[in-house]
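For ligands, and for the atoms within them, numbers begin at 1 and follow the listed sequence. Only heavy atoms go into these numbers, but all of them, side chains included; no hydrogens, no water, no symmetry mates.
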Amino acid sequence: MQTVLEVKDVQKIYGTKGESQSHALKGVSLNIEEGEFVGIMGPSGSGKTTLLNVISTLDRPSGGLIHIAGTNITKMKQNQLADFRSQRLGFIFQDFNLLENLSLYENIALPLSLQGVSSQVIGQKVKKVAETVGIADLLQKYPVQVSGGQKQRAAAARALVHEPAILLADEPTGALDSKNAKSLLETMSDLNQNQNVSILMVTHDAFSASYCKRILFIQDGRLYKEIHRTEDRQTFFKQILDVLAELGASHDLD
Ligand SMILES: Nc1ncnc2c1ncn2[C@@H]1O[C@H](COP(=O)(O)OP(=O)(O)OP(=O)(O)O)[C@@H](O)[C@H]1O
């Protein structure tokens, strides 16, 4: 099995010397193997977003190493990072980030259009991924014409159309009602199990996290604990709540 993500002793310090500094990551190490579905949880301010930002190449760590699909991203120049991001990573955000003036088809096609892929191949790939996430009949619609759940499916399709090494999701169900949230999580779970898509998802929500196979809890910039799903999802959900209670944080998770 290939390691898709290797994070080694990653540090992040915001601010420069002399100013008030914030040590957001204090030496985080983790590995994600191909085909894993991993959640990151932790109290507000524990460093989840910072960790996701340095993994997703949107921000640089102050120290440590990050390899994605064997490539050391911490050594890359800014223009190389932009190419790497668009070719090897897929993103799903809480607020969908679809372009309103493009149809769902055009939104999903974007990562391939930017890579100069032929329109015929784009057509085949967009159709296939749209079928996988259940929006094949909505491709000519614009974001404003579809529901939140359908928008997030389109965002998921856009994140997957170029077959990224890893799908990075930041609170993907945050703006969805419970029915659409469940349905999206089932789709993500299905993509993971049946298409071997590797997923890293940051969430504050124990229900969403219960769809993962493994959860890493961070507290105060450090890895606090890791739990694996060995039984059914309901049992895992209870285990997650137990760790959150243990963290003393279940009440102040935002
Ligand atoms: N741009 C920044 N400049 C300075 N400090 C920052 C910056 N971004 C985050 N921090 C600090 O780094 C720490 C970790 O923040 P981060 O946003 O990663 O936490 P989080 O776990 O994602 O929190 P939340 O669940 O509230 O989104 C916090 O103490 C925060 O105040």
Hey, which atoms in ligand 1 end up nearer than 4.0 Å to a heavy atom of [X]?
X	result
Thr50	14 (C), 15 (O), 16 (P), 18 (O)
Ala24	12 (O), 13 (C), 14 (C)
Pro43	21 (O)

| message | I want to confirm something. Looking only at heavy atoms, which of Lys48, His204, Lys12, Glu171 is nearest to atom 21 (O) of ligand 1? | response | Lys48
| Taking the side chain as C-beta and beyond, is there a heavy-atom pair between Asn192 and Tyr211 under 4.5 Å? | no
| query | For Lys238, what residues pass the side-chain contact (heavy atoms from CB on, under 4.5 Å) criterion, not counting sequence neighbours? | reply | none
| request: With sequence neighbours left out, write down each residue that passes side-chain contact (heavy atoms from CB on, under 4.5 Å) with Ala159, or none if nothing qualifies. | output: Ile92, Leu167
| query | Between Phe91 and Phe93, how do the two ring planes meet: parallel, tilted or perpendicular, split at 30° and 60°? | reply | parallel
| Within less than 4.0 angstrom of ligand 1, does Gly47 place any heavy atom? | yes
| said: Between ligand 1 and Ser46, can you find any atom pair, the residue atom being a heavy atom, that is separated by under 4.0 Å? | reply: yes
| query | Is there a donor-acceptor pair closer than 3.5 Å between any side-chain N or O of Arg153 and the backbone N or O of Val133? | reply | yes
| message | Which residue in the set Ile73, Thr74, Asp9 passes side chain to side chain contact (heavy atoms under 4.5 Å, CB included) when paired with Leu65? | response | Thr74
| request: With heavy atoms only and a cut-off of under 4.0 Å, state how Ser22 meets ligand 1: side chain, backbone, both or neither. | output: side chain
